[in-house]
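Only this structure's heavy atoms are used, side chains among them; waters, hydrogens and symmetry mates stay out. Order of the sequence lines fixes the chain letters, A, B, ..., with proteins taken first and strands second; residue numbering starts at 1 for each chain. Keep in mind the model is a prediction, meaning the values are calculated, not measured.
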2 protein chains.
Amino acid sequence: MSDDLRRNMALFPIGIVMKLTDLTARQIRYYEQNDLIQPARTEGKQRLFSFNDVDRLLEIKALIEKGLNIAGIKQVLQMQEPAMEQTEISTTSEEKRKDMSDKELHQLLRQQIMYRDASRHGEGALIRGELSRFFH
Amino acid sequence: MSDDLRRNMALFPIGIVMKLTDLTARQIRYYEQNDLIQPARTEGKQRLFSFNDVDRLLEIKALIEKGLNIAGIKQVLQMQEPAMEQTEISTTSEEKRKDMSDKELHQLLRQQIMYRDASRHGEGALIRGELSRFFH
DNA sequence: CTTTCTGTGTAATATTATCTAACATCTATT
DNA sequence: AATAGATGTTAGATAATATTACACAGAAAG
């Protein structure tokens with residue numbers, strides 16, 4: 001079983017994720033609604049989160065605290081998934097990317113990141129992989 | 001945060017543990033009832049399992065498949081937790097241990113393990129830590 | 001061979017956790 | 001002041017889990 005697959009196993013219900021990330025259920029669902037995460041579902045439609053999902057939520061939280069809005073976060077996260085196979089869903093974001101040159105994109109990012117200093121919420125650095133170090 | 005603490009964090013509901021271990025809820029609860037595991041509980045009294053709990057359940061399953069009964073499994077697991085601080089609960093098992101010399105204990109184990117060959121259920125080796133290698 | 005015990009299946013009922021949807025609130029922007 | 005974005009809150013519905021009791025098959029003991 002590949003490492004990637006392991007980290008993508010749907011394991012946690014939302015209650016656990018709330019504690020792990022210190023986000024509310026409302027926030028988590030809102031981020032899903034805005035396509036920042038796509039947690040798996042049980043047969044009964046309850047969300048199940050993977051390690052990768054939790055990592056991503058921690059990133060989202062850090063970016064929120066930096067003052068980024070949903071659109072900005074979407075751009076940042078999208079940049080971190082460079083090589084991705086074509087799917088119906090990813091095609092949409094592909095189109096959006098084509099509408100914007102790299103220069104424009106970077107400009108947007110710089111603008112949003114500088115926009116609000118957010119009174120320094122400690123360790124603003126991206127923490128992708130934080131959770132996987134948290135456990136082992 | 002210590003490694004030990006991380007592996008003891010209560011994370012999984014019983015439904016996930018069922019899939020991870022391929023045990024039924026009935027089995028898991030029965031093993032708890034017989035003090036083979038002590039999963040944490042939510043405020044609402046629902047069980048929450050840690051990595052260590054799941055590892056232990058995998059061990060229990062392997063021993064069950066070898067033909068051990070609950071009492072035998074309890075002895076084996078107890079031997080694997082050699083140094084443990086005194087608590088009200090552990091005191092009980094301490095007393096039991098005092099009633100039995102090492103020789104007697106080993107004899108019991110050999111007897112039970114040899115008792116039934118269980119038609120070779122592949123890789124009978126103990127798999128403590130199996131889950132932690134499964135993820136990372 | 002019958003009886004007893006052990007480990008597990010199953011069903012009923014109660015409670016907890018999560019879901020969706022709607023409306024409220026707060027802050028920043030226009 | 002008005003609008004929009006992000007989150008809080010509430011209500012009602014559904015899913016997941018808890019507990020308990022009874023059933024049952026196979027092993028153990030007689």
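With the nearest nucleotide of DNA chain D identified for both A25(B) and Y31(A), Y31(A) has the one nearer the 5' end. Positionally, the nearest nucleotide of DNA chain C for T24(B) lies more toward the 5' end than for the other of T24(B) and K45(B). Of the two residues contacting DNA chain C, namely G44(B) and N34(B), the nearest-nucleotide position lying further toward the 5' end is that of N34(B).
Checking the phosphate oxygens (OP1, OP2) of dA16(D), a side-chain nitrogen or oxygen of T42(A) falls inside 4.0 Å. At the phosphate of dA18(D), neither OP1 nor OP2 sits under 4.0 Å from any side-chain N or O atom of Q46(B). Phosphate proximity of dT8(C) to Y30(B): absent, as no side-chain N or O sits under 4.0 Å from OP1 or OP2. For dT20(C), the OP1/OP2 oxygens have a side-chain nitrogen or oxygen of R47(A) closer than 4.0 Å.
The separation between I14(A) atom CD1 and dT14(D) atom P is 19 Å, rounded to whole Å. For L48(B) and dT16(C), the CG to C1' distance is 12 Å, given to the nearest whole Å. Between the CG atom of N69(B) and the P atom of dG26(D) there is a distance of 19 Å, given to the nearest Å. Across the protein-nucleic acid pair, K74(A) atom NZ and dA6(D) atom P stand 10 Å apart, rounded to whole Å. In this entry the distance linking CD of Q33(A) with P of dT20(C) reads 9 Å, nearest Å. Spacing between atom CD of Q27(B) and atom C1' of dT6(C) amounts to 13 Å, rounded to whole angstrom units. Rounded to an integer number of Å, the gap from I64(B) CD1 to dG7(C) P is 7 Å. Atom C1' of nucleotide dT18(C) and atom CD of E32(A) are separated by 12 Å, given to the nearest angstrom.
Comparing dT7(D), dT16(C), dA21(D) against the side chain of R26(B) picks out dA21(D) as the nearest. When distances are taken from the side chain of R41(A) to each of dT8(C), dC19(C), dT17(D), the shortest belongs to dC19(C). Residue R29(B) has its side chain nearest to dA18(D) when only dC19(C), dA18(D), dT8(C) are considered.
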Determine, stepwise, if the pair D53(A) / R47(A) fulfils salt bridge (Lys or Arg N to Asp or Glu O under 4.0 Å).
CA-CA 11 Å; D53(A) 289 328; R47(A) 291 171 184 82; over 6 Å; no

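Once rounded to the nearest 0.5 Å, the distance linking CD1 of I60(A) with CG of L36(A) reads 4.5 Å. Note: I64(B) CD1 to N69(B) CG = 8.0 Å, rounded to the nearest 0.5 Å. Distance check: L57(A) CG to L23(A) CG gives 6.0 Å after rounding to the nearest 0.5 Å.
Between F12(A) and F51(A), the angle of the ring planes goes over 60°, which puts this pair in the perpendicular group of the 30/60° scheme.
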